[in-house]
2 protein chains.
Amino acid sequence: MATPRRDPLTLEVVELIGTVVARYYEEYEQAAARHSLTGAQARVLGLLSLEPLPMRGIARKLKCEPSNVTGIVDRLEARGLVERRPDPADRRVKLAAPTEEGRATASRLRDSLDFAREPLAALSDEEREVLRDLLKRMLGESVL
Amino acid sequence: MATPRRDPLTLEVVELIGTVVARYYEEYEQAAARHSLTGAQARVLGLLSLEPLPMRGIARKLKCEPSNVTGIVDRLEARGLVERRPDPADRRVKLAAPTEEGRATASRLRDSLDFAREPLAALSDEEREVLRDLLKRMLGESVL
DNA sequence: TATTGTTATACTCTATAACTATA
DNA sequence: TATAGTTATAGAGTATAACAATA
């Protein structure tokens, strides 16, 4: 494992990444709020719009304790965006799945987020390719 | 304002940025937790280690309501990491400033974070310059 | 026995509104 | 009257521990 670098260029890039992270996070929360959702609720709804998941699976994706998921799904369910279904294969398991309205909300949320990420529009196709490759290299093999 | 793009390349870059954001955030929280600090406490301590700030100024930086800052600074103060000082120029104002121990903790926290950001070590100097310029372009003039 | 989901509890962060002491 | 900081309150996310139902 390499030693972290402290040269001015590295520090400048670190600072820029910090700015990207802060802005992205802020805009994510705002997009969620426009749909009267908290960030956590929006993340869960987004996950479930890809595929229904057991409560435990949601906790793994969110990297939080399973007990927290109960409340988040409760609130989404109370708003009619998500429903709990039994798992035919294991009666202990409850599968959380988006309702029709939940899927629609998730879709609109995704559009909001694309809008939030619009800064990418400032780059040409070639520049996006370079950026993609640099980010991939930065993130390492774990992403591949 | 340009229309958001949806071509596969753009979506791939958006996805990669999302991954960077998630990893950065997660590692930030973990680094804070290693010092028994919450993310919000670590952010405030980091801010104050650059310069003492009035409570109102902290709220502006955190983009939250001033009433929240009271509790966060209370907890940092209870741990001896921060102190409230009067502002000679305006007796309504309280300046929050790090103690000696607070500065030391902020410094160790910064080191943890550099370690967390180590992925940058995978890039050469030239690549970092390219990444820096692309990020700057992405973020636009507002950062300059 | 082990696992899934839940409940109960406590702490932190968050926004809103009302309060105080200054300006 | 306006502003800085605080308090009170309520909602949400978080972790921990204990529980019922099922495997």
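All chains are named by letter (A, B, ...) in the order of the sequence lines, taking the proteins before the strands, and each is independently numbered beginning at 1.
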Q. Got a sec? Which of residues 58-65 of chain A come in under 4.0 Å of DNA chain C, heavy atoms?
A. none
Q) In residues 46-56 of chain A, which ones come under 4.0 Å of DNA chain D, going by heavy atoms? A) none
**Q.** Side-chain hydrophobic cluster, 4.5 Å single linkage: members besides B:L95
**A.** B:V93
Q. Going 5' to 3' on DNA chain C, which nucleotide is the first and which the last to come under 4.0 Å of a heavy atom in chain B?
A. C:dT12 to C:dA23
Q) Using a side-chain heavy atom cutoff under 4.5 Å and only I, L, V, M, F, W and Y, what cluster partners does A:L50 have? A) none
Q: Any pair with a residue in residues 50-69 of chain B that passes side-chain hydrogen bond (donor to acceptor under 3.5 Å, both in side chains), sequence neighbours left out, goes on the list, sorted by first then second residue, please.
A: none
Q) For A:V14, which residues count as a side chain to side chain contact (heavy atoms under 4.5 Å, CB included) partner, sequence neighbours excluded? A) A:T10, B:R117, B:L120
Q: Please name all residues satisfying side chain to side chain contact (heavy atoms under 4.5 Å, CB included) with A:E15, sequence neighbours left out, ordered by chain then number.
A: none
**Q.** Set of side chain to side chain donor-acceptor pair (under 3.5 Å) partners for B:D90, sequence neighbours left out
**A.** B:R92
Q: Starting from A:I58, walk the hydrophobic network (Ile, Leu, Val, Met, Phe, Trp, Tyr; side-chain heavy atoms closer than 4.5 Å) and list everyone else you reach, by chain and number.
A: A:L37, A:V44, A:L45, A:L47, A:L48, A:L53, A:M55, A:L62, A:V69, A:I72, A:V73, A:L76, A:L81, A:V82, A:L109
Q.
Looking at the base of D:dT7, is there any donor atom on it, or on the side chain of B:T70, that sits under 3.5 Å from an acceptor on the other one?
A. no
Q: Name every residue in residues 79-99 of chain B that has at least one heavy atom under 4.0 Å from any atom of DNA chain C, in order of residue number, or write none if there are no such residues.
A: B:D90, B:R91, B:R92
**Q.** Donor-acceptor pair, side chain of B:R128 and main chain of B:L123, under 3.5 angstrom
**A.** yes
**Q.** Sequence neighbours excluded - side-chain hydrogen bond (donor to acceptor under 3.5 Å, both in side chains) pairs with any residue from residues 37-47 of chain A
**A.** none
**Q.** Under-4.0 Å side-chain N/O to phosphate OP1/OP2 contact, A:T38 with D:dG11
**A.** no
